[in-house]
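A quick note: this is a predicted structure, and the numbers were derived from the prediction, not measured.
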Amino acid sequence: RMREGEIIWNSDMSVGIDALDDDHKILVSYLNEFIGACDKDEGIFVTDSIFSGLLEYTNYHFVREEKIMKVCGYSGYEAHKELHQVLTEKVIDARDRFILNRSGDLEVEIKDFLQSWLQEHILGSDMDYVSDCVGKEKEIAAALKD
């Protein structure tokens, strides 16, 4: 049974680079876990550990994505990197506020933010570098090994 606001991964979200698609699937599963924990009214420890996991994985993913954009010669690299910085700060801010004062309203706000971030970022900004990465599988594989 789908919960309200849950994101189901589909092929429209694919950026055509397996490593990044796999990362995005994991980020989506963190979001869905967070939504589930809020819906079941799990304690702050559960929701906070999900949040921490999301934050940690986001950092790991952004680094990988930036390496790939760089080796593919993506012209929007600097702007996209800045966007990652802003998003990371927003996630940290949301998590801090959540820990200090968990409330139903804040849960809704955070769920909305995470959903729109994941959907808009993956379906929007991330699609911009896809064409630059076509045919550069070797470079991408090498970048991910570093």
Side-chain angles (χ1 to χ4, degrees), residues 2-3 5-40 42-102 106-146:
M2 254 192 82
R3 280 183 288 270
E6 215 169 28
I7 293 178
I8 302 299
W9 178 266
N10 65 59
S11 56
D12 290 345
M13 294 177 171
S14 171
V15 292
I17 299 163
D18 290 344
L20 298 184
D21 282 345
D22 290 344
D23 284 1
H24 288 153
K25 286 175 191 168
I26 290 170
L27 289 169
V28 165
S29 73
Y30 271 117
L31 168 71
N32 289 336
E33 233 183 291
F34 180 74
I35 290 172
C38 290
D39 288 351
K40 289 193 293 252
E42 305 256 8
I44 188 79
F45 294 113
V46 175
T47 39
D48 183 44
S49 78
I50 296 169
F51 229 137
S52 301
L54 175 71
L55 195 54
E56 220 170 278
Y57 202 84
T58 298
N59 288 330
Y60 165 77
H61 166 63
F62 283 171
V63 167
R64 281 161 48 99
E65 195 173 68
E66 286 162 14
K67 280 182 185 171
I68 289 173
M69 289 189 294
K70 207 168 189 173
V71 298
C72 292
Y74 173 52
S75 63
Y77 169 76
E78 288 301 332
H80 199 112
K81 196 176 169 171
E82 263 175 49
L83 184 62
H84 281 170
Q85 191 56 47
V86 169
L87 284 168
T88 302
E89 283 165 16
K90 280 187 175 169
V91 176
I92 292 169
D93 173 64
R95 185 176 161 241
D96 290 348
R97 288 191 297 139
F98 187 72
I99 291 167
L100 289 173
N101 180 24
R102 180 182 179 174
L106 186 57
E107 276 180 14
V108 171
E109 182 197 322
I110 290 170
K111 283 195 281 193
D112 289 347
F113 158 66
L114 292 174
Q115 283 162 328
S116 65
W117 161 48
L118 278 176
Q119 286 178 308
E120 286 165 22
H121 192 75
I122 295 171
L123 296 171
S125 337
D126 284 356
M127 291 303 165
D128 293 344
Y129 61 70
V130 172
S131 58
D132 288 337
C133 295
V134 174
K136 295 188 178 144
E137 290 74 19
K138 282 194 179 79
E139 294 90 329
I140 292 169
L144 290 175
K145 278 198 188 86
D146 293 347

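To the nearest 0.5 Å, the span separating CE on Met127 from CG on Asp12 amounts to 7.5 Å. Here CG of Asp48 is found 8.0 Å from CZ of Phe98. Values are rounded to the nearest 0.5 Å. The distance from atom NZ of Lys136 to atom SG of Cys72, rounded to the nearest 0.5 Å, is 5.5 Å. To the nearest 0.5 Å, atom CD1 of residue Ile26 and atom CG of residue Asp22 are 6.5 Å apart. Taken to the nearest 0.5 Å, the NE2 atom of His80 stands 8.0 Å off from the CG atom of Leu87. Going from atom CG of Asn32 over to atom CH2 of Trp9 covers 12.0 Å, rounded to the nearest 0.5 Å.
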Query raised in the report: Can His61 and Leu20 be said to form a side chain to side chain contact (heavy atoms under 4.5 Å, CB included), step by step?
Result: CA-CA 8 Å; His61 166 63; Leu20 298 184; 3.9 Å; yes
Query - Criterion side chain to side chain contact (heavy atoms under 4.5 Å, CB included) on Thr47 and Arg102, from CA distance to verdict - result: CA-CA 10 Å; Thr47 39; Arg102 180 182 179 174; 3.4 Å; yes
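When all heavy atoms of Ala143 and Lys67 are compared, the closest pair comes out as O-CD, 3.3 Å. Considering every non-hydrogen atom in both Ile122 and Met13, the closest pair reads CG2-O, 3.4 Å. Taking both residues in full, the closest heavy atoms of Asp21 and Val15 are given as OD1-N, 2.8 Å, listed atom of the first, atom of the second, then distance. In this structure, Ser125 and Leu83 approach most closely via the heavy-atom pair OG-CD2, 3.5 Å. Nearest heavy-atom pair, Ile99 versus Ile44, reported as atom, atom and distance to 0.1 Å: CA-CD1, 4.3 Å. Between Ile7 and Leu118 the shortest heavy-atom distance is CD1-CB, 4.2 Å.
Ring centroids of His121 and His24 are separated by 6.0 Å or more, keeping the two rings apart.
Looking at Tyr129 and Glu65, their side chains come closer than 4.5 Å, going by heavy atoms from C-beta outward. In this structure, the side chains of Thr58 and Trp117 come closer than 4.5 Å at one or more pairs of heavy atoms. Using a 4.5 Å heavy-atom cutoff, the side chains of Lys81 and Lys70 are not in contact. Side chains of Tyr30 and Leu114 form no contact here, defined as non-hydrogen atoms less than 4.5 Å apart. A heavy-atom distance below 4.5 Å is found between the side chains of Tyr60 and Asp23. Counting only heavy atoms from C-beta outward, the side chains of Glu33 and Leu54 never approach each other to under 4.5 Å. In this structure, Val91 and Phe113 have side chains that are in contact, with non-hydrogen atoms separated by less than 4.5 Å. Residues Ser52 and Arg95 form a side-chain contact, since some pair of their non-hydrogen atoms from C-beta on lies under 4.5 Å apart.
With hydrogens and angles ignored, the 3.5 Å screen pairs a side-chain donor or acceptor of Ser49 with a backbone N or O of Val46. Without hydrogens or angle criteria, Arg64 side chain to Ala19 main chain gives a donor-acceptor distance under 3.5 Å.
By the side chain to side chain contact (heavy atoms under 4.5 Å, CB included) test, Glu137 is found to be paired with no residue, residues two or more places apart in sequence or in another chain being considered.
Heavy atoms from other residues, nucleotides or ligands lying under 6.0 Å from CD of Glu82 number 12 at most.
Note on residues 108-135: pairs passing salt bridge (Lys or Arg N to Asp or Glu O under 4.0 Å), not counting sequence neighbours, are Asp39-Lys111, Arg97-Glu109.
For Gln119 and Gln115, the side-chain atoms include no donor-acceptor pair closer than 3.5 Å.
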